[in-house]
Amino acid sequence: DGFEPGLNAPHVDTLNTGNVNGKYWIPAECDVSIRPGWFYHKAEDDKVKTPKQLFQLYLKSVGRGANLLLNVPPDGRGLITGYDSAALVEFRNLREKSFKTNIASKAKVYLIKDGEIITTRLITDQSIKTYLPIVNIANDFINLKFSTHQKINCLVIKEAIDYGQKVSSFFIQLRSQKELKSYQQTTIGNKLIITFPAIEANNIFIHFLNALGDIKISEIEAYLIPET
């Protein structure tokens with residue numbers, strides 16, 4: 001509110017950080033080129049970003065709630081070169097392979113609400129239209145429990161963004177009989193992708209610390225992506 005496109009646009013510091021108390025949820029945009037610059041130069045054919053570099057960009061943009069706008073410049077013929085095309089195809093293959101098997105679909109999901117254990121499938125039903133409400137962050141938390149240990153190094157968490165972005169901070173715990181790993185995070189928003197060294201866990205706990213209102217979690221997914 002109070003800004004317009006053009007001369008009345010927000011100052012750069014507001015554009016770069018946003019307004020935590022803003023009325024509307026507006027996604028950030030990550031602009032990056034597949035090459036060193038925005039236009040095609042034959043001398044840069046060997047400098048095209050690799051599929052692994054593109055996947056890292058994906059994790060650090062889409063995985064942090066932003067839109068990834070990837071520049072792929074046409075050559076002098078007006079065509080995408082084989083160098084760029086090959087990198088994009090392999091990036092797609094890597095992304096699809098990494099997120100093909102959602103380990104969380106094997107879990108039993110519980111909402112621990114004021115000490116009461118409630119069974120739910122609302123956050124593992126692969127629908128962004130359903131959500132699990134968290135009202136009392138001091139006492140309510142989520143538990144994904146597996147019958148056997150699962151090797152995991154990536155979690156994907158989504159808020160029901162139709163209702164706004166609410167989570168300010170939270171932490172996750174991955175537990176097994178031999179070890180416990182905790183990772184504190186800040187916001188979630190449309191999609192948060194968290195990566196960490198692989199752990200064989202039979203329990204995942206998610207505790208919320210701060211929020212701007214009632215939390216609505218739409219999906220939680222777990223994966224084992226390539227360690228490299």
| said: Test side-chain contact (heavy atoms from CB on, under 4.5 Å) on Val167 and Thr186; report intermediate values, then the result. | reply: CA-CA 7 Å; Val167 177; Thr186 53; over 6 Å; no
| Are Ile188 and Tyr223 joined in one hydrophobic group, where the rule is that I, L, V, M, F, W and Y side chains link up if heavy atoms are under 4.5 Å apart? |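 Hydrophobic grouping puts Ile188 apart from Tyr223.
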Short question: side chain of [X], backbone of [Y] - any donor-acceptor pair under 3.5 Å?
X      : Y      : result
Asn67  : Pro27  : no
Asp140 : Asp114 : yes
Ser98  : Leu94  : yes
Asn102 : Ala222 : yes
Glu159 : Ser218 : no
Gln53  : Thr50  : yes

Would you call [X] and [Y] a side-chain contact if the rule is heavy atoms closer than 4.5 Å?
X      : Y      : value
Leu57  : Leu59  : no
Ile80  : Tyr40  : no
Cys154 : Ile194 : no
Asn203 : Leu144 : no
Val156 : Glu219 : no
Ile142 : Ile134 : yes
Asn153 : Glu227 : yes
Pro74  : Leu79  : no

Approximate separation, where rounding is to 0.5 Å, of [X] [atom1] and [Y] [atom2]:
X      : Y      : atom1 : atom2 : answer
Phe170 : His207 : CZ    : NE2   : 12.0 Å
Arg121 : Ile123 : CZ    : CD1   : 9.0 Å
Thr187 : Asn210 : OG1   : CG    : 12.5 Å
Arg175 : Lys181 : CZ    : NZ    : 14.0 Å
Phe55  : Asn93  : CZ    : CG    : 12.0 Å
Leu224 : Gln150 : CG    : CD    : 10.0 Å

| task | Kindly indicate, with the supporting measurements, whether the criterion ring pair (Phe, Tyr, Trp, His ring centres under 6.0 Å) is fulfilled by Phe171 and Phe205. | result | CA-CA 8 Å; Phe171 71 93; Phe205 296 93; 9.7 Å; no
| task | Please test Asp13 against Asn16 for side-chain contact (heavy atoms from CB on, under 4.5 Å), starting from the C-alpha separation and ending with a verdict. | result | CA-CA 5 Å; Asp13 60 354; Asn16 285 346; 5.9 Å; no
Decide whether [X] and [Y] meet the rule of one side-chain donor and one side-chain acceptor closer than 3.5 Å.
X      : Y      : result
Ser33  : Asn71  : yes
Asp75  : Thr81  : no
Asn202 : Ser176 : no
Asp162 : Tyr131 : no

| message | Which label fits Phe196 and Tyr183: parallel for a plane angle under 30°, tilted from 30 to 60°, or perpendicular past 60°? | response |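 If you compare the ring of Phe196 with that of Tyr183, the planes turn out parallel.
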| query | side chain to side chain donor-acceptor pair (under 3.5 Å) with Thr130: which of Asp125, Thr120, Thr124? | reply | Asp125
| task | Answer yes or no: is there an ion pair linking Arg92 with Glu96, defined by an N-O contact shorter than 4.0 Å? | result | yes
| said: Strictly below 4.0 Å, N to O, side chains only: are Lys158 and Glu221 in salt-bridge contact? | reply: yes
Is the number of heavy atoms from other residues, nucleotides or ligands within 6.0 Å of [atom1] ([X]) greater than 12?
X      : atom1 : value
Lys113 : NZ    : yes
Gln126 : CD    : no
Phe39  : CZ    : no

| remark: The residue among Ile217, Ile220, Leu132 that forms side chain to side chain contact (heavy atoms under 4.5 Å, CB included) with Leu122 is Leu132
| Going through the distances and angles, do Asp46 and Tyr83 end up as a side-chain hydrogen bond (donor to acceptor under 3.5 Å, both in side chains)? | CA-CA 8 Å; Asp46 61 347; Tyr83 301 97; over 6 Å; no
